[in-house]
Amino acid sequence: MSQTFIKDLTQFVNQEVILKGWLNHKRSSGSITFLELRDGSGFIQCVVSKNDISEEMWEQVEKTTQESSVEISGIVSKHPKQEGVFELQVKNFKLIQQAIDYPISPKEHGPEFLMDNRHLWLRSKKQWAILRVRDVIITAINEYLHQEGFIKVDAPIFTPNACEGTTTLFPVPYFDEGIAYLSQSGQLYIEAAIASVGRCYDFGPVFRAEKSKTKRHLSEFWMMDAEGAFIEHEENLKIQEGLIKYIIKKCLVECTVEFGILERNTEPLKKVLEKSFTRLTYKEAINKLQSLGSDIKYGEDLGNDDEGLLTQDSEVPVFIEKWDKNIKPFYMKIDPEDDSRVLNDDLIGIEGAGEIIGGSQREDDFDLLLSRIKQSGMSEKEYSWYLDLRKYGSVPHSGFGIGVERMVRWMTGVEHIRECIPFPRTINRLKP
Ligand code: ATP
C-alpha cells in the first residue's frame, strides 16, 4: 500500500490507508489516544485504541511527542458529528523520529521568539494556511496572465543601475565591474522583451533598502511585473482590475479550509467581485483627503494613514491615477491632456491592505524620455540601451507591478507582512 494524502481521504471512506506526517497534538483518555496528524496536505484526527494495536505499537504511541514524525495506517471513517470531516481508526503505528523538547508549544509566544524559530514556526496551522494561500495567489497570477496573452520572461537580479535612483538599493561587489545593485524591479528589462514577445511578465524577488519599519514593508519581497506592447493607460487599469478579481475568485474557491483556520471573514472579498473599482485622480484624492481632515498637500506622496482614509468606506479597491509628474519616476508617460501629470496608477486595496499595485503607461517618445532622464539627474549613457527601445520601433506600452506579500496580507487578513513570506527579510531580521 502506498502513501495517501489527507486531502484525498474523502475517496477512501471505510478503506485502509497509510498516512505519513507529523504529530500536531496528542490527547489521551485511558486506553484511547487521539493523535492530530498533519501531512502537509491537511489535518486529521487519528483514534488509537489500546485494544486494537500491539503492545509494542502502543508504547510507541505513548512515546510520540509534538512534531515527532510518524507513519500510521488505519481505516478512514466519517466524523460522528462533523459533516465533511474524517477520522482514522488506527491499525498500525510507527514512530519514525521522536521530537524531544520542541520549542513551540500551544501556549502564546512573543513575535521575536517565533521569528527566531521561523524554520519551525512554519509548521503551525496558521502559517500553513498562509503558505497555501500564498501559493494559490501565485498560481492565480500565472494563470490570469497567460489567459491574457502574457508569457513569463525573467529579468536579472544583479543590475548595473537603478530603476529609480540608487538610494533604495543594496550594493554588491561585482568582480572587476565595480558595484552591482540587487534589482528593485525588473520593469526596464521586460520593456525590452515586449518588442520580442508582445506581452510578458517577470516574477521574482526584488530588494528595497529603504529603512521602512512598517507592517507592509519587507526588504526582500516577490514582485510580478507585467508589461505589454500597445497597451495604453485605460487597458492597463482594466488588466489590473481583472487580475485582482481573478486572484480573489480563486482564493474564495480554493482556500475555504485556510480561510477557516485564519478566521477570515470572506464577505468583503465577495463584495469586491460585484462592482467596478473606484477611480480618483491624484488631485481628487488630495482634495478628498484634505476634506477628510488630512494635512497632506498637493505634491506629496500618500502615507499609510492617507491610504486608509481614502478606502475606509469603500467596498472596492481604489485606483489613484494621473499623479503629479514631479513625484513619479522618469519613465512614466506625460499625460497628453495635462502635461503636469503622468499616466500612472497606484491601486489601494480595502480593509487596510494599502498599496497593492503600482503601474503606468511608459514614455515612448525618445526626446521626451531623454529630457526626463536628464531632468532626473541620471546618466544618458547608463540608459542608452533603454533609450534604444524608443529608437527602433517604439510603441505605446504600459505595465504594472504587484507585490505578492501585500496581496497575501490582504487575502489572509494577517496583520504583519513578515508572516506573508516563508523567511522574511526586514531591516532588523536576516535570520534564520
Ligand atoms: P510603498 O509606497 O507602499 O512603499 P512603492 O510605491 O515603493 O510602495 P512600487 O515601487 O510601485 O511600490 O512597487 C510595486 C508594488 O510592490 C507595490 O504596489 C507593493 O505592492 C509592492 N511593494 C513595494 N515596496 C514593498 C516592500 N518594501 N515590501 C513589500 N511589498 C512592497
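Being a predicted model, the structure only gives us computed values, none of them experimental. All ligand and atom numbering here is 1-based and tracks the order in the structure.
Side-chain polar atoms of Q147 and Y246 form a donor-acceptor pair below 3.5 angstrom. In this model, a donor atom of one side chain and an acceptor atom of the other lie less than 3.5 Å apart for Q45 and E87. In summary, the side chains of Q66 and S105 do not present any donor paired with an acceptor at a separation below 3.5 Å, with no hydrogens or angles considered.
Heavy-atom contacts of R216 reach the following atoms of ligand 1: 28 (N), 29 (C) (cutoff under 4.0 Å). Atoms of ligand 1 found under 4.0 Å from any heavy atom of G401 (numbered from 1 in listed order, with element): 14 (C), 15 (C). Set against the non-hydrogen atoms of I356, the atoms of ligand 1 under 4.0 Å away are 17 (C), 18 (O), 19 (C), 20 (O).
At a 3.5 angstrom cut-off on N or O pairs, I417 does not count as close to ligand 1. At least one N or O atom of L218 sits closer than 3.5 Å to an N or O atom of ligand 1. Checking only distances, R406 does come within under 3.5 Å of ligand 1, N or O to N or O. The shortest N or O to N or O distance between H217 and ligand 1 is below 3.5 Å. Checked against a 3.5 angstrom limit, the closest N/O atoms of G403 and ligand 1 fall inside it.
Residue-level proximity to ligand 1 for I357 is carried by the backbone, the only part with a heavy atom below 4.0 angstrom. Looking at D346 against ligand 1, nothing comes within 4.0 Å, counting heavy atoms.
A salt bridge is absent between R409 and E355; no separation between the charged side-chain nitrogens and carboxylate oxygens falls under 4.0 Å. Looking at E321 and R279, a side-chain N of the basic residue comes within less than 4.0 Å of a carboxylate O on the acidic one, giving a salt bridge.
Here atom 9 (P) of ligand 1 lies nearest to R208 when heavy atoms of K328, R208, Q184 are compared. Across W222, F221, F207, heavy-atom proximity to atom 23 (C) of ligand 1 is greatest for F221.
The side-chain tip of K125 points at the ring of F43 from less than 6.0 angstrom away and within 45° of straight on. Cation-pi geometry between R390 and Y386 is met: the NZ or CZ atom falls under 6.0 Å from the ring centre, inside 45° of the normal.
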- Message: Test ring-ring contact (aromatic ring centres under 6.0 Å, His included) on F12 and F86; report intermediate values, then the result.
- Response: CA-CA 10 Å; F12 293 91; F86 301 95; over 10 Å; no
- Task: Would you check, one step at a time, whether the test ring-ring contact (aromatic ring centres under 6.0 Å, His included) holds for Y181 with F207?
- Result: CA-CA 9 Å; Y181 297 97; F207 306 86; over 10 Å; no
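Ligand 1 has M223 within reach: a non-hydrogen atom of the residue lies less than 4.0 Å from it.
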